[in-house]
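Take a look at the structure set out below.
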Amino acid sequence: FFFFFLMIRRPPRSTLSSSSAASDVYKRQGINAEYGDSQTTTMTKVKCYELRKTGKSKEDLTKQLEELKNELSSLRVTKVTGGAASKLSKIKVVRKNIARVLTVINETQKGALRQHYETMKYAPIDLRQKK
């Protein structure tokens with residue numbers, strides 16, 4: 001009985017020559033994504049000064065953040081399914097864009113809190129001016 005248990009093996013991973021049915025489905029999804037069937041949008045590099053200058057509200061920024069996160073998740077799926085190299089290189093750009101949007105959100109939030117505590121005698125330590 002123990003010897004029989006040792007003989008059971010995991011099925012081989014799919015390669016280009018031999019593949020499993022599940023990997024074929026993933027490959028087809030990757031092919032459809034390459035030909036424009038996917039819902040990803042072409043995002044360029046987001047600039048922080050543009051986000052500040054336009055005076056977007058927090059709701060607009062969070063909406064943009066959600067769009068970027070959705071695009072990142074779809075790019076990661078195409079990476080796993082073996083997508084095109086151009087899509088894989090966009091992962092870094094989208095991650096940096098997410099960081100920029102989060103930076104602007106946190107800066108505006110901290111600035112509003114600093115204004116609120118400006119007239120008061122004491123302010124939280126993280127809102128005080130750096131020495």
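Atoms CD1 and CD, on Ile105 and Glu107 in that order, are 11.0 Å from each other to the nearest 0.5 Å. Atom OG of Ser74 and atom NZ of Lys90 lie 8.0 Å apart (nearest 0.5 Å). To the nearest 0.5 Å, atom OG1 of residue Thr103 and atom CG of residue Leu51 are 10.0 Å apart. With rounding to the nearest 0.5 angstrom, the CG atom of Leu61 is 11.5 Å from the CD atom of Gln109. One finds the NZ atom of Lys87 at 15.5 Å from the CZ atom of Arg76 (value rounded to the nearest 0.5 Å).
Here the closest heavy-atom approach between residue Arg114 and residue Leu127 is recorded as NE-O, 2.9 Å. Taking each heavy atom of Val94 and Leu68 in turn, the nearest pair found is CG1-O, 3.5 Å. Taking all atoms of both residues into account, the shortest heavy-atom contact from Tyr117 to Tyr122 is CD2-O, 3.8 Å.
Side-chain contact between Lys47 and Arg100 is absent, with no heavy atoms from C-beta onward closer than 4.5 Å. Taking 4.5 Å as the limit, some side-chain heavy atom of Gln64 sits within range of a side-chain heavy atom of Lys56.
No continuous path of ILVMFWY side-chain contacts below 4.5 Å connects Val80 to Leu75, so the two sit in separate hydrophobic clusters.
At most 12 heavy atoms of other shown residues, nucleotides or ligands fall within 6.0 angstrom of atom CZ in Arg95.
Listed by chain and number, the residues in a side-chain contact (heavy atoms from CB on, under 4.5 Å) with Leu102 are Leu65, Ile98 (sequence neighbours excluded).
Arg128 places a side-chain N or O within 3.5 Å of a backbone atom of Ala123 that can act as its donor or acceptor partner.
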